[in-house]
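Heads up, the thing below is written out as structure tokens.
Naming convention: chains lettered A, B, ... in sequence-line order (proteins, then strands); numbering from 1 in each chain. Since the model is a prediction, treat every value here as computed from it, not as a measurement.
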Amino acid sequence: MHDARLLLELGDEAVRRLARRGYTLDLAGLEALSSRRARAIGRVDELRAESKRAAGEVGRAAKAGSSSTEVPAELTALKERARELKDRIREAEDEVEAAEAALRDVLLTIPNLPSDDAPDGDSDADAVEVRRVGEPPAFGFTPRDHVALGEAMGILDFGRAAKLSGARFSVARGPGAVLERALASFFLALHTGRHGYTEFSVPHLVTRETMTGTGQLPKFEEDLFRTGTGDRDLYLIPTAEVPLTNLHADEILPAEELPLAYTAWTPCFRSEAGSYGRDTRGILRLHQFSKVELVRLCAAEESGRELETMLGHAETCLQELGLVYRVVRLAAGDMGFAAQLTYDVEVWLPSQDTYREISSCSDCGTFQARRAGIRAKDAHGGRGQVATLNGSGLPIGRTMAAVLEQCQDEDGSVTLPEALVPFTGFRRLLPDGSTD
RNA sequence: GGAGGAUUGGCCGAGCGGCCUAAGGCGCACGAUUGGAAAUCGUGUUGGGGCAACACCCCUCACGGGUUCGAAUCCCGUAUCCUCCGCCA
């Protein structure tokens, strides 16, 4: 969420920047809502000040009159005036509430301002390639996709997944399930051990307020799974970014403790509304997948540097696994609602002969922190703004698909990256489903 | 699910209808003192908002309502924590 005042100060600059992501900012409308709110608050404040003075007068009059036995007519009149004031305050308060709600409703739906570093455009085709790491392997045979490999080995079972839950779910079996767990353990060990992240285990169901803090709501309700059971109305998290970032909602953090670096391995639930027909095969796009997520909270002015740091952590995952990938900078119009600058890391998928997104690392600036009420204060009481960043490090399913495909041999077996072996306990997946 | 108790400023803790613009202590910051420090003394120290304004004003004693001219204080509801019973992994 933006600070209305800052947005108005930016003026045409804000209009120009939001236009880059296809959002038309109504400056005049915003100005009107903002001043309506200010006027309403000013009026309530005046009335309340008057009311307090009136109450004081009544108190003094009552005290002065308490010694005499007569009913003080003056006191009755004073009380009557105070009572009238109260009614007027109530009316004025209703207007404040209405004005604030109107302003807030608009502010909550304005996306973050894209950084000038984000290229123009509104699709993945407009992304700018930053670097390629590794050479796509040249197979002396036609590489199979992860579905063919996984089903042949009996470690992936889409038929039974569909029986249980319908389309866009997967079942992993035996060494497949072990590989999932191993990848998660490997990533977590890397981030907590070498990159300095603190691991969390967090709720997978969160409130509407929590979803609003990171920007999933109110605009993207249709992307989420919602449970309205009993007297609770909770949402399944689409990524651990949501609980991790909101851990400090409505808190004032000691500035000297920043940056905070958090990680968690959680399931992610996405409705994938509007993606009918896309990636229907395999484990690339599911309603439920698991992912190790990275979140950083830092001083506002550090966020650019922090993004590079976090991107490095995501890339390390791929480098350690020896996977071929590239890094692109997303176009202004292709970024998520809360992001001001996003790098996508794309892994090479031999079966598709292309790079596919495996990590998205975003600098959200102060956008989410302002929504979620995350602030900072230094030892001298100086206030500071907080920036939030999030990135995948990495999703388990897509990583597994990349490993299967990039590390496959002609006979249908897969030789795992050396780094995974301590976590799996085996180094090869064989075509018959056994391990070695 | 049921019964009882609790919730005050960074922390401890007073407060039980107007003098709460929240006592006192601890901590912290700044200053004085000192060769320097400790001790001591002084000043300051929740967080938001209106406004050109560190002036002034409003809100904030878990949260939301209510009673009253006036609520930290009385009433109702909610949340969280603690104790006990039930249930359960």
- Message: Please confirm whether the shortest side-chain N or O distance from Lys52(A) to OP1 or OP2 of U21(B) is below 4.0 Å.
- Response: no

[X] [atom1] to [N] [atom2]: how many Å, rounded?
X         : N      : atom1 : atom2 : result
Lys79(A)  : U67(B) : NZ    : C1'   : 13 Å
Arg48(A)  : G70(B) : CZ    : P     : 13 Å
Glu84(A)  : G70(B) : CD    : P     : 13 Å
Glu209(A) : G64(B) : CD    : P     : 13 Å
Asp3(A)   : G48(B) : CG    : P     : 13 Å

Pairwise [atom1] distance for [N] and [M], with rounding to whole Å:
N      : M      : atom1 : answer
G25(B) : U45(B) : P     : 15 Å
G44(B) : A38(B) : C1'   : 22 Å
C12(B) : A22(B) : C1'   : 15 Å
C11(B) : C85(B) : P     : 33 Å
G70(B) : G17(B) : C1'   : 8 Å
G5(B)  : C59(B) : P     : 32 Å
U68(B) : G18(B) : C1'   : 12 Å
G64(B) : G27(B) : P     : 34 Å

Within the structure shown, what part of the strands sits under 4.0 Å from [X] by heavy-atom distance: base, sugar-phosphate, or nothing?
X        : result
Ala55(A) : base
Arg81(A) : nothing
Ala54(A) : nothing

- Contact nearer the 5' end of RNA chain B, comparing Arg83(A) with Glu46(A):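 Closer to the 5' end of RNA chain B: Glu46(A).
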
Any-strand Watson-Crick or G-U partner of [N], both distances under 3.5 Å:
N      : answer
G42(B) : C30(B)
U73(B) : none
G4(B)  : C82(B)

- Is it true that a side-chain atom of Thr109(A) and a backbone atom of Val106(A) form a donor plus acceptor pair closer than 3.5 Å? yes

Polar atom pairs between nucleotides 50-55 of chain B and protein, under 3.5 Å, N or O only, would you list them?
from: G50(B); atom 1: OP1; to: Arg37(A); atom 2: NH1; distance (Å): 3.2
from: G50(B); atom 1: OP2; to: Arg5(A); atom 2: NH2; distance (Å): 3.2

- Residue-level proximity of residues 87-106 of chain A to RNA chain B when a heavy atom falls under 4.0 Å: Arg90(A)

- Thr388(A), Thr342(A), Asp344(A), Asn390(A) screened by side-chain hydrogen bond (donor to acceptor under 3.5 Å, both in side chains) with Ser362(A), the one that passes: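 It is Thr342(A); the other options fail the test.
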
- Message: Going by salt bridge (charged side-chain N to carboxylate O under 4.0 Å, His left out), name the residues that satisfy it together with Arg21(A), two or more places apart in sequence or in a different chain.
- Response: none

- For the residue pair His313(A) and Tyr197(A), categorise the inter-ring angle as parallel (less than 30°), tilted (30 to 60°) or perpendicular (more than 60°).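 Because their plane-to-plane angle is over 60°, the rings of His313(A) and Tyr197(A) count as perpendicular.
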
